[in-house]
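What follows is one structure encoded as structure tokens, with my remarks underneath.
A, B, ... follow the sequence lines: proteins, then strands. Residue 1 opens every chain.
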Amino acid sequence: MRLGDQVLKVRSKNAGPFWVTIDVFCGTAAAFAKLSAGLQTEAVAALYGCPLHLVKRFDIADLSVIKFSIPRPVVQGSARDRDMHGAQWGILLEEADL
Amino acid sequence: MTTRVLVPSGVLGLGFDHAALARGIAARPDIIAIDGGSTDSGPFSLGAGQSKYARAATRSEWRALMQARAEAGVPLVIGTCGTCGTDSTVDWMYGITAEIAAELGQSLKIARLYCSQSPISVIAALGMGQIAPLTPAPPISAEVLGQMTHIVALAGAEQVQAALATGADIILCGRTTDTAIIAALPLLRGDHAGGAWHGAKIAECGALCSTNPTSGVIMVDFDAAGFSVEPMALDAACTPHSVSAHMLYENADPFILHEPGGHLDVRGASYLALDARRVRVEGSIWQPAPYTVKLEGARIAGYQTTILATLRAPHYVAHAKDWVARLTDFLHADIARKMALPAESYQLEFRLIGVDATLGAMENRSADPVEVGVLGLVTAQTQAIAAEIGKLINPWVLHFPLTASEELPTFAFPYSPATTDRGPLYEFALNHVLHLADPMSAFRLVVSEVTA
């Protein structure tokens, strides 16, 4: 099942020019518990082609949110950048069947 | 002592609810603070030293805030004037302010906090070991620093406090951290330091921490134990969830926020609903550290010319990736032949809109689009070279056949000329901090008066 079908929403955005951060709003404590246990950081790293040790992960039970922060492979706005605000990155995770 | 800070919106230029602002003024704030910038739109603003917002939009909103300030009789402070907070955008904002003051008949004391850094001083600091990289940081050297069109240091609470100490009515800051303009006065008056920075972070995007983000106006009450936050629009509410969730926004780490002179740690913070619209926060901690300010810098990475074509013929749509790979190889050879340019001296890249233009190599879906947009990006050392490459590739982008055996196709160009010269391409080239023995040593304060 797509991750997006199990949660309220997935949002991504730059966190400064050198990072993108992806917030998974699980919506309920039950969805959070399931995803927090089931969603592998390795799978997210692979999805974004990012070395595992550079992925920051925060499981925030109070908000039912799982947050991933990834250093940008290309700096915001440099010649190879395709998404100035990093706001489309979350779609990959939303569509992923992990 | 409690300190009441009114934040009219997340950024000047995006608008706010005027009725909510009037409610905020009626509640007698001690200061009005608004942000004027961000790196969010990319490196152009800093690279060029220009605001990304229209002067007319900035002027119209600033006029309303100057009127509100006169009514409240308290200081009005703006952080990161003109998107990037260079000296040039502080002066731009000063021009607008003086113009409105004359129009409204206001006599004002105006403080300008300048944050631009000369490459020479930053190169000297690098030589003395006063610059440290953050993660990830682009490599820097005296040569790279010398190429920067603009470098700014992000001022913190101390520099804004120095401006407040001048007794200015209006404070126009160059680059500041988003939070510094809000935290400065509560910290100056001895309110809880963790609460001051945390409340500032919650309010820095205006009503984004509420249930009605576009209403803009937020009031924060700081005190000895923490802060309380309330939206000024009647149809907006702050809830423990809307407030605590704001720590996620544009933050790589939702619990730790680095600022000049230390960091905020909100892991122990509690969020309590005071009623249906107000939230009380306590328990955040400020951890002092050696005094550093973050540096931002941009340099010219090249000059660009772009070209856009669309493919509608099904044969080409289906084979767009093959086509563009063959086209690119052909063009590199043609450019080498006709312009004697080695491929390393310029960049030529085609992005297929409808295929993978947004995510590139990360894209894992494919479909059968009706049409495909072909966006060609040429980046070269001068605009003249980029434009010449653009002209050279133009007929091939229009007519290149998929295989040698087929008739010459003609694709769609949306306009004439098909190429667009975009000027300089700037890039962010600093993610570093500068150590300062005296917080003001990298900043300049200028105070002047305008009389009606």
Exercise. Hey, mind stepping through B/Val152 and B/Cys84 against side chain to side chain contact (heavy atoms under 4.5 Å, CB included) and telling me if it holds?
Worked result: CA-CA 8 Å; B/Val152 288; B/Cys84 59; over 6 Å; no

Exercise. Between B/Val378 and B/Ile385, does a side chain to side chain contact (heavy atoms under 4.5 Å, CB included) hold up when you go through it step by step?
Worked result: CA-CA 9 Å; B/Val378 177; B/Ile385 296 172; over 6 Å; no

For this session: Go through the steps to decide whether B/Gln147 and B/Ile300 satisfy the test side chain to side chain contact (heavy atoms under 4.5 Å, CB included), and finish with yes or no.
Result: CA-CA 8 Å; B/Gln147 293 166 350; B/Ile300 294 177; over 6 Å; no

For this session: Apply side chain to side chain contact (heavy atoms under 4.5 Å, CB included) to the pair B/Asn431 and B/Lys294, showing each step before the final yes or no.
Result: CA-CA 7 Å; B/Asn431 191 28; B/Lys294 193 176 169 188; 3.6 Å; yes

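The part of B/Tyr426 that comes within reach of chain A is its backbone (N, CA, C, O), which places non-hydrogen atoms under 4.5 angstrom from that chain. Residue B/Ala245 touches chain A through both its backbone and its side chain, counting heavy-atom pairs closer than 4.5 Å. For a residue to count as touching a neighbouring chain, one of its non-hydrogen atoms must lie under 4.5 Å from one of that chain's; by this rule B/Leu375 does not touch chain A. Only the side chain of A/Phe58 comes within less than 4.5 Å of a heavy atom in chain B; its backbone stays farther off. Heavy-atom distances place the side chain of B/Leu425, and not its backbone, under 4.5 Å from chain A. Looking at A/Ile60, only its side chain comes within 4.5 Å of chain B, counting heavy atoms on both sides.
B/Leu295 and B/Ala153 make their closest contact through CD2-CB, 3.8 Å (heavy atoms, listed as atom of the first residue, atom of the second, distance). Minimum interatomic distance between A/Arg72 and A/Gly86 (heavy atoms only, all atoms of both residues): NH2-N, 3.6 Å. Between B/Cys209 and B/Cys238, the shortest heavy-atom contact is O-SG, 3.8 Å. Scanning all heavy atoms of the two residues, the minimum distance from B/Pro136 to A/Trp19 falls at CD-NE1, 3.4 Å. For the pair B/Leu154 and B/Pro260, the tightest heavy-atom approach, listed with the atom from each and the gap, is O-CG, 3.9 Å.
For a heavy-atom cut-off of 4.5 Å, chain B lies close to A/Arg11, A/Lys13, A/Asn14, A/Ala15 in residues 5-15 of chain A. Taking 4.5 Å as the heavy-atom cut-off, the residues of residues 25-40 of chain A that approach chain B are A/Phe25, ordered by number.
Within 6.0 Å of CZ on B/Arg422 lie no more than 12 heavy atoms contributed by other residues, nucleotides or ligands. Counting non-hydrogen atoms of neighbouring residues, nucleotides and ligands closer than 6.0 angstrom, the CD atom of A/Glu42 exceeds 12 such neighbours.
Taking A/Asp83, A/Asp62, A/Asp81 one by one and counting their heavy-atom pairs under 4.5 Å with chain B, the maximum is reached by A/Asp81. Among A/Pro73, A/Ala79, A/Ser78, the residue making the largest number of heavy-atom pairs under 4.5 Å with chain B is A/Ala79. Note on A/Arg80, A/Met84, A/Lys56: by heavy-atom pairs under 4.5 Å with chain B, the leading option is A/Arg80. If you tally non-hydrogen atom pairs under 4.5 Å between each of B/Gln304, B/Glu363, B/Arg351, B/Glu427 and chain A, the highest count goes to B/Arg351. The most heavy-atom pairs under 4.5 Å with chain A, out of B/Pro254, B/Pro43, B/Ala429, come from B/Pro254. Put simply, of A/Val75, A/Leu54, A/Ile91, A/Asp23, the one with the most heavy-atom pairs under 4.5 Å next to chain B is A/Asp23. Across B/Ala361, B/Ala252, B/Gly42, the residue that shares the most heavy-atom pairs under 4.5 angstrom with chain A is B/Ala252.
Every residue two or more places apart in sequence or in another chain that forms a side chain to side chain contact (heavy atoms under 4.5 Å, CB included) with B/Glu204 is listed here: B/Asp178, B/Ile182, B/Lys201, B/His246. The side chain to side chain contact (heavy atoms under 4.5 Å, CB included) search around B/Asn364 returns A/Leu47, A/Leu92, not counting sequence neighbours.
Side-chain N or O atoms of B/Lys52 include none that pairs as donor or acceptor with a backbone N or O of B/Phe44 at under 3.5 Å.
Ring orientation note: the planes of A/Phe18 and B/Phe428 are tilted relative to one another, at an angle of 30° to 60°.
Aromatic pair B/Tyr346/B/His332: ring centres closer than 6.0 Å.
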